[in-house]
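Values below: all heavy atoms of this structure, side chains included; hydrogens, waters and symmetry mates excluded. Numbering of residues begins at 1 and proceeds along the displayed sequence.
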Amino acid sequence: MGTVTIGVSIAVPEPHGSQLQQLRAGFGDAAAHGIPTHVTLLPPTEVDAADLPAIEAHLSEVAASARPFPMRLSGTGTFRPLSPVVYVQVVEGAEACTWLQKQVRDASGPVARELQFPYHPHVTVAHGIEDAAMDRAYEELAGYEAEWPCTGFALYEQGADGVWRKLREFPFGSSVVPPQAGCADRGSVSAR
């Protein structure tokens, strides 16, 4: 069967996901259209294709043990100079994301792995592009705001064409969304 490259992430819902993807492309990030807008829980990981059923079973268990939580994005940050990334910050929901990614990568599970950098939930809006374009992304999205109730995550596979495609969604075990997560579904960009 061979190997496949997978990732696990929380999708940024519409209209925010498409808006941020278009902005990312506009900054000159050629990978923008092949990467759905997301918050990573498991970075790109090569696995044996035969292990996918066990991975899906593990992710089902993780999702079943989780509960919906409010997610809020606000403003920008960067990993430069360590890594050429500009991102929109996760200002609410970061603790839940951190807990989820630990469960996904648990040493007893089928996708146990160490991370190259300490986990920091974020939404990438520019990666590996010219510094001037990185600066523009950082400045133009400084006033960005979006919020929504997070009710699950998904498993993605990277195709030979470099495009990430959703294989399966994993809804959380409870459909009850905390009252504070019933926020207005909004997103906006404002230039300073």
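Separating the CD atom in Gln101 from the OG atom in Ser9 is a distance of 13.0 Å, to the nearest 0.5 Å. The distance from the CD atom of Glu169 to the CZ atom of Phe153 is 11.0 Å, given to the nearest 0.5 Å. In this structure, CD in Glu157 is found 8.0 Å from OG1 in Thr5, a value given to the nearest 0.5 Å.
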Steps toward side-chain contact (heavy atoms from CB on, under 4.5 Å) verdict (Gln22, His33)
CA-CA 8 Å; Gln22 292 299 323; His33 291 295; 3.5 Å; yes

For a side chain to side chain donor-acceptor pair (under 3.5 Å) check, start with the C-alpha distance between Thr37 and Arg24, then their side-chain angles and the critical distance, and finish with the verdict.
CA-CA 9 Å; Thr37 308; Arg24 183 173 178 173; over 6 Å; no

Carefully, step by step, assess Ser65 and Phe172 under the rule side-chain contact (heavy atoms from CB on, under 4.5 Å).
CA-CA 7 Å; Ser65 68; Phe172 293 150; over 6 Å; no

Under the side-chain contact (heavy atoms from CB on, under 4.5 Å) rule, what do Val90 and Leu73 come out as? Steps first, then yes or no, please.
CA-CA 5 Å; Val90 174; Leu73 308 178; 3.8 Å; yes

Evaluate the salt bridge (Lys or Arg N to Asp or Glu O under 4.0 Å) criterion for residues Arg113 and Asp106: first the C-alpha distance (whole Å), next the side-chain angles of each, then the deciding distance (0.1 Å), finally the verdict.
CA-CA 8 Å; Arg113 66 165 286 183; Asp106 188 80; over 6 Å; no

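You'll find the side chain of Ile10 reaches within 4.5 Å of the side chain of Cys150, heavy atoms only. Counting heavy atoms from C-beta on, the side chains of Tyr144 and Gln19 come closer than 4.5 Å. Taking the side chain as every heavy atom from C-beta outward, Gln116 and Pro43 never approach each other to under 4.5 Å. Looking at Phe27 and Glu130, their side chains never come closer than 4.5 Å, going by heavy atoms from C-beta outward. Between Val88 and Val12 there is no side-chain heavy-atom pair separated by less than 4.5 Å. Within the 4.5 Å cutoff, the side chain of Glu46 has no heavy atoms near those of the Ile6 side chain. Between Leu41 and Gln103 the shortest side-chain heavy-atom distance does not fall below 4.5 Å. In this structure, Glu56 and Leu155 have side chains that are in contact, with non-hydrogen atoms separated by less than 4.5 Å.
Looking only at distances, a side-chain donor or acceptor of Thr78 sits under 3.5 Å from a matching main-chain atom of Arg80. Here the side chain of Glu92 pairs no donor or acceptor atom with the backbone of Met71 at under 3.5 angstrom. Checking side-chain atoms of Ser83 against main-chain N and O of Phe79 turns up no donor-acceptor pair under 3.5 Å. Side chain of Asp29 to main chain of His127: a donor-acceptor pair is present (N/O by atom type, distance under 3.5 Å, no hydrogens or angles). The backbone N or O of Pro15 lies less than 3.5 Å from no partner atom in the side chain of Ser18, so there is not a single donor-acceptor pair.
Taking all atoms of both residues into account, the shortest heavy-atom contact from Gly159 to Arg165 is CA-NH1, 3.9 Å. In terms of heavy atoms, Ala126 sits closest to Met134 at CB-SD, 3.7 Å. For the pair Pro121 and Val39, the tightest heavy-atom approach, listed with the atom from each and the gap, is CB-CG1, 3.9 Å. Minimum heavy-atom separation, Ala154 to Phe170: CA-CD1, 4.3 Å. Smallest separation of non-hydrogen atoms from Ala107 and Ala112: CA-CB, 3.7 Å. Here the closest non-hydrogen pair linking Leu23 and Leu141 is CD1-CD2, 3.6 Å.
Residue Leu115 is grouped with residue Trp99 when hydrophobic side chains (ILVMFWY) are merged at heavy-atom distances under 4.5 angstrom, including chains of intermediate members. Ile35 and Val86 end up in different hydrophobic clusters when Ile, Leu, Val, Met, Phe, Trp and Tyr side chains are linked at under 4.5 Å. The same ILVMFWY cluster, assembled from side-chain heavy atoms under 4.5 Å apart, contains both Tyr138 and Ile129. Val4 and Trp164 fall into different hydrophobic clusters, where Ile, Leu, Val, Met, Phe, Trp and Tyr residues are linked whenever their side-chain heavy atoms come under 4.5 Å apart, directly or through other members. In the hydrophobic cluster analysis, where Ile, Leu, Val, Met, Phe, Trp and Tyr join through side-chain heavy atoms closer than 4.5 angstrom, Tyr156 is grouped apart from Leu59.
Side-chain contact, Thr40 with His38: a donor N or O sits under 3.5 Å from an acceptor N or O. Of the N and O atoms on the side chains of Thr45 and Arg105, not one donor lies less than 3.5 Å from an acceptor on the other residue.
With sequence neighbours excluded, no residue forms a side-chain contact (heavy atoms from CB on, under 4.5 Å) with Ala54. By the side-chain contact (heavy atoms from CB on, under 4.5 Å) test, Ser74 pairs with Arg72, Val91, Glu145, sequence neighbours left out.
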